[in-house]
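Scroll down for the structure; my scribbles are underneath it.
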Protein chains: 2
Amino acid sequence: MAASDYPKPSVTVDVVIITLRAEELQVLLVKRDLAPYKGRWAVPGGFVHLDESLETAARRELHEETGVADVYLEQLYTFGDPGRDPRGRVISVAYIALVPAPLTVEAGSDAREARWWSLSKLPPLAFDHDKMVQLALTRLRYKIEYSAVGFRLLPECFTLSELQKAYEIILGEPLDKRNFRRRIMEAEVIEPTDDIRAGEGRPARLYRFRRDAVAEVKARRLFP
Amino acid sequence: MAASDYPKPSVTVDVVIITLRAEELQVLLVKRDLAPYKGRWAVPGGFVHLDESLETAARRELHEETGVADVYLEQLYTFGDPGRDPRGRVISVAYIALVPAPLTVEAGSDAREARWWSLSKLPPLAFDHDKMVQLALTRLRYKIEYSAVGFRLLPECFTLSELQKAYEIILGEPLDKRNFRRRIMEAEVIEPTDDIRAGEGRPARLYRFRRDAVAEVKARRLFP
DNA sequence: GCTAATTGGTGTTATCTCAACACTAAGATA
DNA sequence: TATCTTAGTGTTGAGATAACACCAATTAGC
C-alpha cells in the first residue's frame with residue numbers, strides 16, 4: 001500500500017522545558033486558549049511542518065516560547081495512544097529541553113499565557129501531558145547521575161556551590177561538598193575562569209562548562 | 001489551527017527484532033518487494049492503523065513476521081528527517097524486540113523473503129535502517145548492564161552457563177564464572193527449577209526468569 | 001577597626017565493592 | 001575404570017567510595 005493511500009494521524013512535537021528557579025525544578029507550561037482542554041495548562045508544542053525535521057520542529061517551538069536557541073534538547077518518547085487527543089488521532093513526539101536559570105519567558109507571539117510551574121506543584125494538565133512531564137523528570141534524574149547535563153540548567157558561569165546546589169535539587173538529596181568537588185573536577189567537564197564572584201561570605205571562583213568535554217555518558221557514574 | 005487542516009506526514013512503526021542464534025546476535029530483516037529500495041533488506045514495519053496504539057502496531061508487525069506474542073518490546077527512537085523516505089514525509093517510530101533463541105521465522109503472510117542476519121555482517125539496508133539497527137544494538141548493550149533484559153533472548157528454561165554465554169556475546173567480552181553467578185543470584189531475577197539438563201559433562205540445573213522480579217533498572221549495575 | 005557571621009575551599013581514613021583466582025563434583029565416553 | 005567434559009563453589013587483595021573537620025576570605029554589625 002502506498003503511503004499516500006493510508007489514513008494518516010497528525011504529528012506534533014511537544015517540548016518539556018525544564019529549568020532551575022527559586023531552588024527548585026520548574027517546567028514551562030502554556031495555557032490553552034482553544035478547545036480541547038481550553039483553559040488548561042499544557043506542555044508547549046505544535047504540528048510538525050512537512051519540510052522540517054522533528055528536532056527542528058522542537059527547536060522552533062522552544063524558540064517561540066522562550067526566545068532561546070542553542071539549548072540542550074533530547075528526544076524523550078513518542079506518545080501515540082488513540083484517544084489521547086479528542087480531535088482525532090494525534091501522535092506526539094516529546095522532547096526534553098534544559099534551559100539556563102535566569103530566563104524570562106517571552107510573551108508568546110500568539111498571546112497565550114505562559115509561566116513556570118514548580119514540578120512539585122503542577123496544575124491539572126491537558127491531554128496526557130502529566131505522564132509526559134513525569135517521564136521527563138525521571139529521565140533527567142537518571143541522566144544527571146552519569147552524564148553532565150546538569151550544567152545546562154545553569155548560566156554560563158557559576159560557582160561550585162551553585163552547581164552542587166543544582167545537583168542536590170535535581171537528585172533530591174544532599175551531597176558531600178568535598179566528594180562532590182573531587183568528582184566534578186575528576187570528570188573534567190568544567191574549568192575555572194579568571195573571575196571571582198563576591199557576595200556574603202568569602203568570594204567564590206567562577207567556573208564554566210568545558211565545551212570540548214565529552215560530557216555525555218561517562219563510563220562511571222558521577223554520583224553513585 | 002485544527003489538526004485536520006494540516007498537511008500530515010505518514011507514520012510507521014519499525015521493529016528491530018533481535019535474537020541470539022549460532023552464538024551471535026542476529027536481527028530479522030525482510031527483503032522489500034516494492035519500491036522504494038526494492039530488493040533491499042529492511043527492518044520489518046508498516047503503517048500505524050488509526051485505531052491502534054503504537055505499541056499495538058509494533059506487536060502486530062512482530063507477530064506477522066515471527067508468529068510470536070508476549071515478547072520484550074520497547075520503544076527505541078522516532079526517526080523523522082524529511083527525505084528519509086523518497087515517497088514523501090514518513091515518520092517512523094522504531095521499537096526494539098528481544099525474542100527467545102530457537103525461533104523459526106514464519107513464512108511472511110505477504111510472501112516477502114525474511115531471514116536472520118548477523119549483526120556483524122549486515123547487508124546494505126533500506127532507508128535509514130542502518131542507523132536504526134545500530135541504535136538498537138547500542139541500547140541493548142547499554143541496557144543489559146543494569147537491567148535484566150538478557151533473559152528475553154533465551155528460552156524459558158536455561159542453564160547458568162547458557163545465560164553467561166548470552167551475556168558474553170552481547171557485551172562482547174568474557175565474564176568470570178563465579179562473579180557472574182554471584183551477581184545474577186544477588187540480583188534475584190532468576191530462580192532454580194526442579195529440572196536438570198544432561199549433556200556432555202556434568203548435568204546442569206535449569207533456571208527460569210522470575211516473573212515477579214523487578215527486572216528493570218536495578219539501582220546498581222549488574223556488570224560494571 | 002574589631003568581632004562575629006557567612007560562605008569558600010581543602011585531605012585523610014575506614015569501609016565497602018569489585019575483580020582475580022583454582023579446585024572438587026557429576027555424569028558421559030572410551 | 002580411567003579420562004574427559006562441563007557444573008558448581010569462597011576467599012582475598014586492590015581499588016573505589018563515603019564519611020568526616022578545619023582554616024580562609026570576605027561582609028555585616030557593633
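Per chain, numbering begins at 1; letters A, B, ... match sequence-line order.
The two atoms that bring A/Asp14 and A/Arg84 nearest to each other are OD2-NH2, 4.3 Å, heavy atoms only.
Residue B/Ser161 places at least one side-chain N or O under 4.0 Å from the OP1 or OP2 atom of D/dA7. The side chain of B/Arg202 places no N or O atom within less than 4.0 Å of a non-bridging phosphate oxygen (OP1 or OP2) of C/dT24. Applying the 4.0 Å criterion to OP1 and OP2 of D/dG8, one finds that B/Arg205 has every side-chain N and O outside that range. Within the 4.0 Å cut-off from OP1 or OP2 of C/dA22, not a single side-chain nitrogen or oxygen of B/Arg178 is found.
Distance, B/Glu186 CD to C/dA19 P: 13 Å, rounded to whole Å. Rounded to an integer number of Å, the gap from CD of A/Glu162 to C1' of C/dT7 is 12 Å. C/dC18 atom P lies 14 Å from atom CG of B/Leu175, rounded to whole Å. Atom CE of B/Met185 and atom P of D/dG10 are 13 Å apart (whole Å). Regarding B/Phe180, its CZ atom lies at a distance of 20 Å from the P atom of C/dT17, rounded to whole Å. Distance CG (B/Asp176) to C1' (C/dC23): 14 Å, rounded to an integer number of Å. For B/Arg197 and C/dA28, the CZ to P distance is 15 Å, given to the nearest whole Å. The CZ-C1' distance, from B/Arg183 to D/dT9, rounds to 16 Å in whole Å.
Note on A/Arg32 versus A/Glu113: no salt bridge recorded, every NZ/NE/NH1/NH2 to OD/OE distance being 4.0 Å or above.
Taking the centre and axis of the six-membered ring of A/Phe209, the NZ or CZ atom of A/Arg152 falls inside the cone set by 45° and 6.0 Å.
Between B/Tyr207 and B/Gly201, the residue anchored nearer the 5' end of DNA chain D, judged by the nucleotide with its closest heavy atom, is B/Gly201. Heavy-atom nearest nucleotides on DNA chain C were determined for A/Arg181 and for B/Pro203, and the one closer to the 5' end corresponds to A/Arg181.
Checking D/dG8, C/dG9, C/dA19 against every side-chain atom of A/Ala204, the shortest atom distance belongs to C/dG9.
For B/Asn179 against C/dC18, no side-chain N or O and base N or O form a donor-acceptor pair under 3.5 Å.
If you run side chain to side chain contact (heavy atoms under 4.5 Å, CB included) between B/Val133 and each of B/Thr138, B/Asp128, B/Leu122, only B/Leu122 comes through.
Checked by atom type and distance alone, the side chain of B/Arg40 never pairs as donor or acceptor with a backbone atom of B/Pro123 at under 3.5 Å.
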